[in-house]
Each structure stands twice: as structure tokens, then as C-alpha cells.
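Working notes for the structure below.
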Amino acid sequence: MSGTPLHCSAYIDGEFRTGGERRERRNPATGEVVATFDVAGRETVDRAVAAAKRAFADWGRTSGFTRGAMFRRLAEITLGRVDELATCVTLEQGKPLDEARGEVRKFAEAMRFYGEEAERIHGETVPNESTDYLSVVVREPVGPVAAITPWNYPVELIGWKLGGALGAGCTMVIKPSEHTPGAAHLIAGYIGEAGFPPGVFNVVHGAGETGALLAAHPDIAKLGFTGSNRTGQSLFRTVEGVTQLTMELGGSCPMIVSRHADLDLAATGAVRRAFRNAGQICIAINRIYVEDAVLGEFVDRMAELTAALTVTDGFATPDADVGPVTMEEIRARTAAHVADAVERGARLVAGAGEHPAGGLFRNPAIVVGAPHDSLIMTEETFGPAVGIAGVESLDEAVAHANAVAGGLAAYLYTDHLGETMRLGRDLDFGNVAVNSVDAGIINAPYGGRRESGFGSEHGREGLEGYLQYKHLRIRHTH
Ligand code: ADP
């Protein structure tokens, strides 16, 4: 049904270049080979970085209006190919086709946004003690940059880095996840069609070794990384020379439900943000703290909504709610987190039994009453399982929320203004969403704190991270 596997080769200087060891990617729903890719070794990585460095000489001096026009063309081209790109995402990553289509549209939206932001990059003048001088502060791109991206949002996460970097006037080399090579390959083709000059956007494929070669390259001015905490930590030791870093490392995200919450809204939000993309979201809800007064009612509603989710192959059934998890490691970890909770006395209120299709399909699971130090309440499961605990007060909930490593996103459901303001202040997270589980929008900064990393993507801030200041001090009267 999925046809010939997509072959993904390096994209350097505006051309696809095959060569190197060839690896496969299999569809997590069916096991079929759906893509192959050429692993980039040192020579290919060096060539890609050299191309980005050469291209920077001109691209770094183009006007934001020129870049903006190319971004708008890229957005249009992508919107004309939604199904091509979404099909590739579903076949490699497993999320249902309609959800993948949504991801592609968000990529196009990010391209439109950064096309406009590119036109708004401006500096300022600063007064001097003497009127014979004028200080002009301009912002210039940092240089050729690298991006290492994960597999859970293979299109969108390329978009955030590509939008910020190329919008600012940087050139880039990107290494997508080895589990989802196709999106970067297709996007490279669209970039060429949109008229971005050769060398401005380059792609190298491979796993961690290729990522490490790229990160260690001395000509890379900045590295934008999204992925696991473990890899993020290792990259601090890998980079060589003076390389700026942005790190988006995920984390265990809490949700707090007050006795003043609209429980239908809260349960619907919880199901969406715990199980969408099979829970494989950096900002997925991992643990829910509910005031004791409404715990029973909230659990019942959430269990009912979860039991009604359609879990199936999202290519055959585009409007399925949940597809397979992307790889065996996720399936095993999710099962281990649920088993640990149950062994330690938690109640399984959804997700009992095996999914009939087996393999990487899993019924979304809810466990209630797991100890606060259990795996599900402390670690990022990154799969379709969530823990719920009752709390006596919102202060207790905030203490638990902040006590676990990671500070990416927190969710609060309450209709009480005082609680909104107090918890909005006290939750130590980069994103706090109230009465909604859409924590990120394209025009506001998105990023973590503490163990979840640093630096922002999205918004004007996502572009500013790729700019540096220059102070031009002019003595104009002498
Ligand atoms: P996740 O499983 O959340 O995607 P990983 O950190 O394993 O997180 O992978 C994120 C990205 O980092 C992928 O593109 C992967 O190939 C890359 N990567 C993994 N290990 C390394 C490493 N040691 N150095 C550089 N990049 C790496």
C-alpha cells in the first residue's frame, strides 16, 4: 500500500548526493520497509558544513524581504504537498494521517511567520555622552549553524529551527532522526523549488555518530538540539570550539486539576495531551494531580473518554486517535512504567490487556494512586500512559509538580482567578497553559528551564537566538 521505499540521501549545495552505508526505516504499524537513507560519515558532514559556510557569505547579507519572499513560497509549496509529506510522517513515525496533515500545516504556518519576522529584524540607536557620536546597534546572523532533530514531530521541529536560522540570515546543516529521515529529504526538495540558494539548507542523514560529527565541527557557530536529556548532556562534551547551544530536552509534564475546574474540559484536555501522538510529545501530560474533592469524578470521565479512543493503523484509518508507538524502546518503557505503578499499589483504570494488533500498538493506560516516587510520576514515559494522584490542596500539587526534574510545560485547570494567578507564578516551567492543553503557539516563545534545557523556539525569540549584536560607534563630527 505504501509503495516503493523513499530513498533519502544527503542534500548539499542544492543537490541530492547518494553514497555511504545504506540503512532502512520500517513502518511501526506494519513492519514494512518504508524508507532507506545514506549514513553520512565525516567526509559528507565536512562537505555539508563547507557548503553552509560558503553560502553564508551571501545569504547572511540578503535583505529580510528577500528571505521573507522565499519563506512565503516555501509555505505555499508545502501547502500544495500536504499529503506527500504527511504520508511520509505516518509511514515512518506512526501518527494517524490526519494528525500528520495537521503537523505539515503547522510547518507551513511557521514558514509564513518567520518570513514575516525576517522583515522585522531591526536594531537601535543608543545616545552617547557627546553629540559628536552615534552608537548604532545592529543585529547580524551568527553564521552557519547545525540542527539535530528528533522523530516525534519530524516536520514541525525542522520548521522551528529552519525558520529561526534561515530567517535570521544563517545557513544550516540539519541531521534529522534516523527513525524519520523522509521529512527532511522532502523538505530539502521544497527548499530548492522555493528558490533558496544552494548551500543555505543542507541535510545529512544518520544516527548519533553523524550527529556527533556535525556537533563537533569547528565551523558551526550554533547548535540547536531537540531530543533526550541523555543526548543533550553528551552534546556539551561533543561540541568543539566556540559553539552556542539551544537545548530542548523534554521533561515530565504535570497537570493540576482544581476543585474549581470544569471537569469535562479538564478530562478532555488530559486525554488529548496525554495520548495524542501516542504520548510521544515533549509536552505530553505525564502526571496529573487532582484535588481530592473531585478526584473520583475526574478519573471516571477520563477513563470513559480514553476507552472510546480508536487505536489503529493511522494510514489505513486517517482519523484514528492513536497509532502505534514509533519503536520498541517506547513500548517497553511504557509497559515498565505501568507495571511499576501497579506493583506498587496503583489502580489501572484504562488500558488493561494487550491491543489486538500486538506489535507496537498499545492501549492508552491510566494508573491512579501510584506513589509519588514511582516511575510514571517521576520520569518522562514518552508513551501512551499517564499517572493520576489525589492531593489535599493546590499547594501540595505545586510542590509535587516542581519537585520532579524538568521544567518544560505544566497545565492547570481552574475557573478561579486567584488560583490561576498564584499557580501561574509558582509553577517553575517555561510554558504554563490554563484551561487548555495547547501550550505552544507560533508567535510566543517556547522553551524549557531547569533540566528541560534553555533557549527559545517559536516567536520572535526563536529567531533572535540566531542573531548577534554589533555595536557600531560612529564619531561623525570632528
Ligand atoms: P529522542 O529519542 O527523544 O529522539 P535522542 O536524543 O535519542 O532523543 O535523539 C535525538 C536526535 O539526536 C536524533 O537525531 C539522534 O540521531 C541524535 N543523536 C543521538 N545520539 C547522539 C549523539 N551522541 N550525538 C549527536 N546526536 C545524537
Side-chain angles (χ1 to χ4, degrees), residues 8 10 20-21 23-25 28 35 37-42 44-45 48-49 89 92-95 103 145-162 172-185 187-188 202-217 220 222-240 243 245-253 277-284 286 325-334 360 379-384 405-406 408-409 448 451-453 457:
C8 308
E21 180 201 333
R23 287 192 200 157
E24 292 175 341
R25 172 64 192 156
F37 58 94
D38 295 331
V39 176
R42 183 178 297 278
T44 305
V45 169
V49 175
V89 170
E92 294 179 2
Q93 194 267 341
K95 75 182 58 161
E103 180 182 345
V145 302
I148 297 179
T149 54
W151 46 265
N152 59 334
Y153 284 89
V155 174
E156 217 181 333
L157 294 182
I158 289 178
W160 300 356
K161 292 178 169 54
L162 148 63
M172 81 189 300
V173 180
I174 187 158
K175 191 210 75 68
S177 168
E178 63 277 25
H179 303 293
T180 51
H185 180 78
I187 289 169
N202 307 276
V203 181
V204 291
H205 292 282
E209 314 83 69
T210 304
L213 286 169
L214 180 60
H217 202 293
I220 291 297
K222 172 171 176 139
L223 169 65
F225 173 74
T226 302
S228 62
N229 194 288
R230 179 180 33 81
T231 306
Q233 292 286 336
S234 88
L235 284 170
F236 284 103
R237 295 183 292 277
T238 308
V239 291
E240 277 182 25
T243 306
L245 296 170
T246 294
M247 295 263 169
E248 205 268 80
L249 307 177
S252 166
C253 299
N277 201 12
Q280 303 167 125
I281 318 181
C282 312
I283 55 169
N286 298 113
V325 299
T326 305
M327 63 196 78
E328 171 54 26
E329 178 191 327
I330 304 276
R331 194 208 58 75
R333 186 172 55 231
T334 308
L360 295 176
E379 292 192 7
E380 186 179 16
T381 307
F382 219 69
L408 185 55
E451 296 83 356
S452 291
E457 297 192 292

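The chain is numbered in sequence order, starting from 1. Atoms within a ligand are numbered from 1 in the order they appear, just like the ligands themselves.
Residue V173 forms a side chain to side chain contact (heavy atoms under 4.5 Å, CB included) with just one option from V145, N202, V45, and that option is N202.
Geometrically, K95 engages Y153 in a cation-pi contact defined by less than 6.0 Å to the ring centre and at most 45° from the axis.
The backbone N or O of K222 sits nowhere less than 3.5 Å from a side-chain atom of T243 that would complete a donor-acceptor pair. Formation of a donor-acceptor pair under 3.5 Å by the E103 side chain with backbone atoms of V155 is found in this model. A donor-acceptor contact shorter than 3.5 Å is absent between the side chain of Q93 and the backbone of P154.
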Pairwise, report which nitrogen or oxygen atoms of ligand 1 are under 3.5 angstrom from protein nitrogen or oxygen atoms, and how far apart they are.
| residue | atom | partner | partner atom | Å |
| --- | --- | --- | --- | --- |
| ligand 1 | 2 (O) | W151 | NE1 | 3.3 |
| ligand 1 | 4 (O) | W151 | NE1 | 3.1 |
| ligand 1 | 6 (O) | S228 | N | 3.1 |
| ligand 1 | 6 (O) | S228 | OG | 2.7 |
| ligand 1 | 6 (O) | T231 | OG1 | 2.6 |
| ligand 1 | 8 (O) | S228 | N | 3.2 |
| ligand 1 | 14 (O) | T149 | O | 2.8 |
| ligand 1 | 14 (O) | K175 | NZ | 3.0 |
| ligand 1 | 16 (O) | K175 | NZ | 2.9 |
| ligand 1 | 16 (O) | E178 | OE1 | 2.7 |
| ligand 1 | 24 (N) | G208 | O | 3.4 |

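Below 30°, between 30° and 60°, or above 60°: for W151 and H179 the angle between ring planes is above 60°, a perpendicular geometry.
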